[in-house]
Amino acid sequence: MCGIVGYNGKNKAIDILLDGLSKLEYRGYDSAGIAIREKNKEIEIYKAKGKIANLKEKIQNKKLNGTCGIGHTRWATHGEPSENNAHPHISNDGTITIVHNGIIENYQEIINKLEKHGYKFYSETDTEVLANIIDYYYKKYKIGPIDAINRTMVRVRGSYAIAVMFKGYPDEVWVARKDSPMVIGKNDDGTYLASDVPAILKYTNNIYYIDNMEAACLKKDTIIFYDLNGDVIDKKPKKIDWDMAAAEKDGYEHFMIKEIFEQPDVVGKTINSFVSNNEIDFSKGNLSKDTLKDTREIHIVACGSAYHVGVCASYIIEDLAKVPTRVDIASEFRYRKLLLNKNDLVVIISQSGETADSLAALRKAKEMGVKTLAIVNVVGSSIAREADYVLYTLAGPEIAVATTKAFSTQLIVAYLLAIQIAYAKKTITKNKYNELLNELSLLPNKIKEILAKEINRIQKISSEFSNIQDAFYIGRGLDYAISLEGSLKLKEISYTHSEAYAAGELKHGTISLIEENTLVIGVVTQEDIYEKTISNLTEVKARGGYILTISPSKIDVSKTANYQIVIPETNKYFYPSLAVIPLQLLGYYIAVSKGADVDKPRNLAKSVTVE
Ligand code: BG6
């Protein structure tokens with residue numbers, strides 16, 4: 001999974017490409033490259049291993065006046081990170097120059113075909129194959145760019161968003177996509193393309209989306225869209241109301257801490273986008289109360305943190321709406337022998353809307369004739385476009401690889417879904433419905449309260465644990481569900497081994513790992529079972545564990561906790577939204593105290609669009 005960007009216009013392309021790539025670095029950052037062309041002069045290509053900074057250093061003394069160019073930041077899938085494997089890639093004689101995000105699954109078969117026609121390959125990438133197969137059709141049939149690209153789209157299998165420069169067509173950039181994301185924009189200074197909105201938001205917020213197997217030609221002052229037959233098609237831009245600051249750090253040290261502080265606002269926005277006059281309205285997602293009323297079973301499918309939202313949701317939907325709810329990791333769901341029923345609902349949760357396993361799970365459910373609901377943050381993403389119903393979270397662009405604000409907005413939509421199903425199935429009264437919505441509307445301020453009151457204490461305790469090797473998170477019910485997210489946050493950004501456990505399960509093995517000063521974080525919010533959790537924490541303390549608790553003040557943990565983080569009271573179903581804040585901050589400050597690259601943790605990426 002990579003980031004691609006392109007520009008064709010009046011201005012120097014180099015600044016626009018480098019700026020765009022730096023905004024896409026969260027998509028992959030093991031190598032980068034650009035191709036620039038000045039009028040019909042030769043295309044100049046520069047590539048470098050590592051982050052964009054290395055590429056900038058390499059070209060700092062180059063006079064690059066070209067006003068047409070494409071760029072790429074890479075997350076290796078085929079061929080290890082190297083300058084040779086970095087994009088842009090070219091066809092054998094340089095007729096085609098290309099950048100690509102995605103994976104060509106049948107690339108070896110095409111290599112074998114092209115080698116019979118004398119093509120040679122210099123890299124280990126699947127992308128170089130694309131350059132040569134486009135070149136092959138372009139020359140064999142003496143056709144123009146659109147036909148060469150369309151023939152290629154029919155011939156290759158996999159996912160791709162590509163930007164292509166043809167030697168014979170100066171001042172034109174050609175794009176096409178299937179499954180991988182692509183946004184296109186235009187303003188008076190030219191035309192723009194990118195893998196994601198933040199890269200071009202500075203220039204326009206009128207964004208064009210092309211569908212799978214569609215293409216476009218970006219000229220200096222116009223964009224022409226094509227379908228797979230090569231016919232010109234009409235496209236209307238979508239207005240994106242994200243301001244540029246949303247994509248910049250606003251003075252915070254990291255995007256992650258900035259996004260943690262954005263949670264009160266985006267949680268409020270997401271609630272308001274579905275609730276008015278104490279009524280939940282999912283109509284803009286085409287999801288009616290009747291559909292929910294007739295739902296037999298719910299299957300929630302997702303990856304990473306989104307999966308943890310699913311675990312929380314399963315407890316709430318079953319308890320509130322009495323509907324059997326199963327949660328699956330997408331990479332398991334897509335290959336399992338599923339017992340789905342036509343009256344079931346498959347819910348796919350995804351921030352990016354592009355995660356390959358989640359997208360495949362969606363398609364599998366659709367193939368089985370089961371209705372699909374997507375809870376997604378990126379407008380126009382593949383999962384959003386392919387699902388039967390879509391509920392958008394309004395977290396805005398999330399840059400840090402470790403999700404925080406998108407997670408919190410997904411929780412909100414999960415709560416609203418549970419309440420609406422319960423009301424549709426009459427397992428709750430209108431009074432209960434109103435009571436829950438009232439309490440929900442108080443969450444943004446309660447999150448603000450935690451950020452104001454507890455942040456210094458969390459920073460302090462985190463610095464005392466900057467050298468830990470292991471940590472355990474325990475809880476029961478919803479507290480166990482949110483502990484999963486707390487544990488992942490610490491792991492993914494501070495590289496500390498940690499595990500989340502159902503508190504009652506600890507004594508069946510893992511408690512053997514507890515020794516003097518082992519950090520154990522206990523989430524204790526559920527009034528009907530908290531005493532059980534406290535006794536499990538006491539068992540751990542007896543073996544030397546250092547107990548840090550997260551609980552509302554009405555639950556007395558003083559006899560067990562070595563360190564208490566206090567959160568405001570709320571309805572039992574909504575505690576994950578409050579408990580997750582200290583959990584995010586703990587992970588963040590321990591990572592910062594360890595000097596980790598918080599926004600771009602090693603080996604991870606924001607959304608994994610490959611299997
Ligand atoms: C991982 C991200 O790559 O994908 C996680 O680092 C995220 O933060 C997971 O939870 C799933 O991504 P998405 O976009 O489908 O929610």
Side-chain angles (χ1 to χ4, degrees), residues 308 311-316 318-320 327 411 446 450 453-454 457-458 460-462 464-465 468-491 496-587 590:
H308 298 151
V311 179
C312 293
S314 68
Y315 281 94
I316 301 168
E318 292 199 337
D319 196 43
L320 201 58
V327 193
L411 275 177
K446 290 183 177 182
I450 298 169
K453 279 208 189 123
E454 292 293 331
R457 298 190 67 250
I458 296 168
K460 178 176 169 301
I461 191 69
S462 302
E464 288 166 26
F465 283 103
I468 55 169
Q469 300 309 312
D470 307 285
F472 295 88
Y473 293 71
I474 69 171
R476 286 174 181 257
L478 269 177
D479 291 342
Y480 162 59
I482 203 62
S483 294
L484 291 165
E485 179 59 11
S487 172
L488 179 60
K489 281 281 136 334
L490 184 69
K491 264 186 285 213
T496 306
H497 165 253
S498 76
E499 293 180 47
Y501 261 83
E505 179 59 13
L506 214 62
K507 54 184 169 295
H508 300 295
T510 306
I511 198 165
S512 65
L513 295 173
I514 305 296
E515 51 193 20
E516 202 54 35
N517 265 338
T518 301
L519 174 61
V520 177
I521 292 136
V523 181
V524 197
T525 70
Q526 302 295 302
E527 273 193 271
D528 51 351
I529 47 175
Y530 79 88
E531 281 150 342
K532 308 283 183 204
T533 308
I534 291 181
S535 60
N536 296 128
L537 287 169
T538 311
E539 290 156 5
V540 168
K541 188 164 187 172
R543 287 149 178 86
Y546 181 96
I547 310 299
L548 186 156
T549 58
I550 296 172
S551 59
S553 57
K554 66 179 175 188
I555 292 182
D556 180 9
V557 292
S558 58
K559 295 189 193 50
T560 312
N562 296 96
Y563 205 88
Q564 292 180 51
I565 305 288
V566 178
I567 56 178
E569 288 175 25
T570 184
N571 177 282
K572 66 177 181 177
Y573 298 127
F574 304 153
Y575 270 115
S577 290
L578 301 184
V580 78
I581 307 301
L583 291 170
Q584 292 165 348
L585 291 168
L586 268 169
I590 290 177

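- Using a 4.5 Å cut-off on side-chain heavy atoms (C-beta onward), Leu484 and Val311 make contact.
- The distance from atom CD1 of Ile555 to atom CD1 of Ile534, rounded to the nearest 0.5 Å, is 7.0 Å.
- The line from CG of Asp479 to OG1 of Thr533 is 6.0 Å long, rounded to the nearest 0.5 Å.
- Side chain of Ser462 to backbone of Ile458: a donor-acceptor contact under 3.5 angstrom is found.
- Remark: Ile461 CD1 to Glu454 CD distance equals 12.0 Å, nearest 0.5 Å.
- Counting heavy atoms of neighbouring residues, nucleotides and ligands inside a 6.0 Å radius, atom NZ of Lys541 exceeds 12 of them.
- Distance CD/Glu569 to OG/Ser553: 5.0 Å, rounded to 0.5 Å.
- The distance from atom CG of Leu578 to atom CD1 of Ile450, rounded to the nearest 0.5 Å, is 4.5 Å.
- Between Ile521 and Leu490 there is no side-chain heavy-atom pair separated by less than 4.5 Å.
- Counting heavy atoms from C-beta outward, Leu488 and His308 have side chains that approach closer than 4.5 Å.
- Salt-bridge check for Lys489 with Glu485: passed, with a basic side-chain N closer than 4.0 Å to an acidic carboxylate O.
- Ring planes of Tyr501 and Phe472: tilted class, angle from 30 to 60°.
- Contact check for Leu537 versus Ile474: side-chain heavy atoms found under the 4.5 Å cut-off.
- Not a single donor-acceptor pair under 3.5 Å links the side chain of Lys572 to the backbone N or O of Gln526.
- Distance check: Tyr573 OH to Leu411 CG gives 15.5 Å after rounding to the nearest 0.5 Å.
- Residues Leu583 and Tyr473 meet the side-chain proximity criterion, which asks for heavy atoms closer than 4.5 Å.
- Within 6.0 Å of NZ in Lys554 there are more than 12 heavy atoms belonging to other residues, nucleotides or ligands.
- No donor-acceptor pair under 3.5 Å is formed between the side chain of Thr560 and the backbone N or O of Thr538.
- The side-chain heavy atoms of Lys507 and Asn536, taken from C-beta on, include a pair separated by under 4.5 Å.
- Side chain of Tyr575 to backbone of Thr570: a donor-acceptor contact under 3.5 angstrom is found.
- With contacts defined as side-chain heavy-atom distances shorter than 4.5 Å, the pair Gln564/Val557 qualifies.
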